[in-house]
S.K.: 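Starting off with a structure, shown below.
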Protein chains: 2
Amino acid sequence: MRKEKIPAATIIRLSVYQRYLKRLLAKGVKVVSSSELAYEANVNPAQLRKDLSYFGRFGVRGVGYDVASLLNTISGILGLLDEWRVVLVGAGPIGQALLRHPQFSRQGYVFEAVFDFDPTHIGRELEGGLVVQDLRNLPRVIQEKDIQLAVLAVPSEKAQEIADLLVDCGIKGILNFCTTRIRVPRGVSVQYVDFTILLDTLTYKISQSNTEGMDEHVKAGKPKWAREHSWPVVQSNVQKQGVTLTS
Amino acid sequence: MRKEKIPAATIIRLSVYQRYLKRLLAKGVKVVSSSELAYEANVNPAQLRKDLSYFGRFGVRGVGYDVASLLNTISGILGLLDEWRVVLVGAGPIGQALLRHPQFSRQGYVFEAVFDFDPTHIGRELEGGLVVQDLRNLPRVIQEKDIQLAVLAVPSEKAQEIADLLVDCGIKGILNFCTTRIRVPRGVSVQYVDFTILLDTLTYKISQSNTEGMDEHVKAGKPKWAREHSWPVVQSNVQKQGVTLTS
DNA sequence: AAAATAATGTTAAAGTGAGTGAAAAATGTA
DNA sequence: TACATTTTTCACTCACTTTAACATTATTTT
């Protein structure tokens, strides 16, 4: 049992590898090399081998990896061999769209219940058969159905309040679609899904490449802050991997 | 004009600062210190100042930052002083939910058109007044309305094909909700929104902390891969910032 | 059977970037 | 003028990422 630290980026890549392995398995491919899989996942082959080496030896030298076996191994590492039960809090457009997203159930995530605080939503049956419940039921349902994860898709103002409630109920992982940072105690993990931040990084990059070849004449038409100096684009190495705030 | 490299994480944090500055402005707050703003954004005050220092000097020593002025500065850096015109490709549940998402228009992103390849969708009027169009119109609309960004929310199999089309039409930034990596030429940026990868990292962390205090008796009930050795949790320093694949 | 080929596992090394702390500078106030 | 506050800036440390190179093992070919 080694006590080596595992980079966060490795875990994310494992998830990507897992997805492509599933597709290979579906296509009937039996064996895959690190080069082939790495090409699909858009990473360096050495990187893939190193990622796997944190956890053990799963390949056969001179041959490659058994697709089914490696898929099973990675799924196990990520904890995906079991089913994960999820509650959704917030039955707005985003929340409802997530319920219908096929990728979730494909990965073993099962929505067990939906909650909202808006009285006009409560009692309505959504596609998929779940009925929107009052938040008061949350603690009981989480315990009875042994829920482990929560998806938070409520207005920003309510985010912290409901996060606190979820933590009190014993939830250990929150996927947060709200545009506010939430504070949770140690031992609880949060992942943020924040569309506008991602769009903002796109506009930054595009703005940069636009002003890059711009001559002084054009620059003068830009607002004051832009006239001072032009900023370098984020270096291209980093384009492969951006960073996102999580917790 | 310095040629310093700007970390991708800095750009993301700028976006977060910008969001909180907006809220402060709305509350009528005139001046804010790096400590206050950093607390809101959940980062170190020194980090915030360092982030800003890449671009210039915007504060007043002994005082802090003028909220309105700093907001304007950061918006400028991110390229958000202008309006950004966006097309949506894929009128499924996710796509429709995004159209109704208030955060987009609040940031200056305007959906100008919606496209789909499913004939049963085409011609339908969605909430907000946009009518789903045939993909054949894409090139013309992008040129006529001078579209700069695209949101891609189609089934994975179509992702690359449509990305190619968008690139041909001159789109420079793509927000991709598909679960496939897409390949684009240099100069085009892609940001991925991938719920299941984020959920997978949550399940990894939770699985780890579960097996952590587990004795051998319990371990024996686990699948084979888990019995070999127990893996260390991703170190807690990194919990603040996860990494996500972008391009 | 030996050699050539192919592919993994592992180590090392270089580079990058993030976070932190403290001194210096500037501002406002008593 | 002296003092408190806060930004600015610099320097340092530490961790992570990536890549390359090489030893090792399996398969195929001659």
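Since the model is a prediction, treat every value here as computed from it, not as a measurement.
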S.K.: Against the six-membered ring of A:Tyr39, is B:Arg183 placed for a cation-pi contact (under 6.0 Å from the centre, within 45° of the normal)?
M.R.: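 That pair qualifies as a cation-pi contact.
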S.K.: Atom CG of B:Leu37 and atom P of D:dT7: how far apart are they, to the nearest Å?
M.R.: 10 Å
S.K.: Give me the distances for all protein-to-nucleotides 4-6 of chain D N/O pairs that come in under 3.5 Å?
M.R.:
unit_1 : atom_1 : unit_2  : atom_2 : d
D:dT6  : O4'    : B:Gly62 : N      : 3.4
D:dT6  : O2     : B:Gly62 : N      : 3.1

S.K.: In whole angstrom, what separates B:Asp51's CG from C:dT20's P?
M.R.: 12 Å
S.K.: Decide whether A:Asp200 and B:Gln107 meet the rule of one side-chain donor and one side-chain acceptor closer than 3.5 Å.
M.R.: yes
S.K.: Using the side-chain heavy atoms of B:Pro7, tell me which of these nucleotides is nearest: C:dA18, D:dT19, D:dT17.
M.R.: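 Of the candidates, C:dA18 comes closest.
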S.K.: Between A:Tyr65 and A:Arg49, does the side chain to side chain contact (heavy atoms under 4.5 Å, CB included) criterion hold? Intermediate values first, please.
M.R.: CA-CA 11 Å; A:Tyr65 301 91; A:Arg49 294 199 294 272; 3.8 Å; yes
S.K.: Given atom CZ of B:Phe55 and atom C1' of D:dT7, what is their separation to the nearest angstrom?
M.R.: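 Value for this atom pair: 18 Å.
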S.K.: Round to a whole Å and report the spacing from CG of B:Leu48 to C1' of C:dA18.
M.R.: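 These atoms are roughly 15 Å apart.
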S.K.: Determine, for A:Arg19 against B:Asp194, whether the closest basic-nitrogen to carboxylate-oxygen distance falls under 4.0 angstrom.
M.R.: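 Here A:Arg19 pairs with B:Asp194 in a salt bridge, since their nearest N and O are under 4.0 Å apart.
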S.K.: When the distance from CD of B:Gln47 to P of D:dT7 is rounded to whole Å, what number comes out?
M.R.: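 Rounded to whole Å, this separation is 15 Å.
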S.K.: Tell me whether B:Arg85 forms a cation-pi arrangement with B:Phe104, defined as NZ or CZ under 6.0 Å from the six-membered ring centre and within 45 degrees of its axis.
M.R.: no
S.K.: DNA chain D: B:Lys50 or A:Ala46, which has the more 5' nearest nucleotide?
M.R.: B:Lys50
S.K.: Who passes ring-ring contact (aromatic ring centres under 6.0 Å, His included) against A:Phe177, sequence neighbours left out?
M.R.: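 Scan of A:Phe177 (ring-ring contact (aromatic ring centres under 6.0 Å, His included), adjacent residues dropped) gives B:Phe195.
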S.K.: Let me know the distance between NZ of A:Lys30 and C1' of C:dA7, rounded to the nearest Å.
M.R.: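 The answer, rounded to whole Å, is 21 Å.
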S.K.: State whether B:Asn44 places a side-chain N or O below 4.0 Å from either non-bridging phosphate oxygen (OP1 or OP2) of C:dT20.
M.R.: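 For C:dT20, OP1 or OP2 has a side-chain N or O of B:Asn44 closer than 4.0 Å.
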S.K.: Do B:Leu202 and A:Trp84 pass the side chain to side chain contact (heavy atoms under 4.5 Å, CB included) test, and can you show the C-alpha distance, the side-chain angles, and the key distance before you say yes or no?
M.R.: CA-CA 11 Å; B:Leu202 284 180; A:Trp84 289 84; over 6 Å; no
S.K.: What is the distance, rounded to the nearest whole Å, between atom CG of B:Leu70 and atom P of D:dT8?
M.R.: 10 Å
S.K.: Measure OH/A:Tyr54 against C1'/C:dT11 and give the value in whole Å, please.
M.R.: 12 Å
